[in-house]
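Below is one structure, written out as structure tokens, with a few remarks after it.
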Amino acid sequence: AQTVTQSQPEMSVQEAETVTLSCTYDTSESNYYLFWYKQPPSRQMILVIRQEAYKQQNATENRFSVNFQKAAKSFSLKISDSQLGDTAMYFCAFMKPLNRDDKIIFGKGTRLHILP
Amino acid sequence: AAGVIQSPRHLIKEKRETATLKCYPIPRHDTVYWYQQGPGQDPQFLISFYEKMQSDKGSIPDRFSAQQFSDYHSELNMSSLELGDSALYFCASSRDRGYEQYFGPGTRLTVT
């Protein structure tokens, strides 16, 4: 079974700083998707960034980028020039792109506070 | 762009009552997923449907049932509600199994 581990329950950084959220996962699959979801106080689940395991290039979306280390099964999220609106719970997530087992498995989350 | 619609957004029920949550997927999405997020918890997969058939099942209590209708909307029926059923229930849709899932805003269920 797949597992996702986020070792940082909570983090705080000053506005405009760079912060990195850690995530490790365990799977025997060779092809899969990894995601970072943001859940602000509104509780909406917002997809921040996705990575396909077969792609070696790290995904980037504006201020958000990942460091994907497939051999180490590590998938960290870097937020550059952090903003107050980045304050949220962040979930690392895993999904197998298979027809009958495509549920998303979430980590326990990291609560991120951006301080003014 | 159209998003996943869930109704109601908030629901308050008493113990032992029944609740029905509805999910309207993004147009042309034929796959629907239900997740439950308890207070301070990560979302947990309940059940999914593809082309109106149950596709996968997670940790869904026997008191819960769900189905997907001909117009692809889905309903989650919850009976004999317990205090522990209080949670945020997300619906997500996808254009096919194994593709990116788009989450709705969630239904917050409170059981008193």
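All heavy atoms count here, side chains included; hydrogens, waters and symmetry mates do not. Every chain is numbered from 1, with letters handed out A, B, ... down the list of sequences.
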Ion pair [X]/[Y], N-O distance below 4.0 Å:
{"X": "Arg95(B)", "Y": "Glu100(B)", "result": "no"}
{"X": "Arg63(B)", "Y": "Asp85(B)", "result": "yes"}
{"X": "Lys108(A)", "Y": "Asp42(B)", "result": "yes"}

Considering only Ile, Leu, Val, Met, Phe, Trp and Tyr, and joining two whenever side-chain heavy atoms are under 4.5 Å apart, list the other residues clustered with Leu21(B).
->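 Leu11(B), Val32(B), Trp34(B), Leu46(B), Ile47(B), Phe49(B), Ile60(B), Phe64(B), Leu76(B), Met78(B), Leu81(B), Leu83(B), Tyr89(B), Leu109(B), Val111(B), all in the cluster of Leu21(B).
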Choice from Ser48(B), Gly106(B), Pro43(B) maximising heavy atom contacts with chain A below 4.5 Å |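 Heavy-atom pairs under 4.5 Å are most numerous for Pro43(B).
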Which bit of [X] is near chain B, if near means a heavy-atom gap under 4.5 Å: side chain, backbone, both or neither?
{"X": "Ile104(A)", "value": "both"}
{"X": "Met45(A)", "value": "both"}
{"X": "Phe106(A)", "value": "both"}
{"X": "Arg50(A)", "value": "side chain"}

Would you please say whether a donor-acceptor pair under 3.5 Å links the side chains of Gln37(B) and Gln39(A)?
->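 On atom types as modelled, these side chains qualify, holding a pair under 3.5 Å.
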Chain A heavy atoms under 4.5 Å from Tyr50(B): which part of the residue, side chain, backbone, both or neither?
->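 Contact with chain A involves no heavy atom of Tyr50(B) at all.
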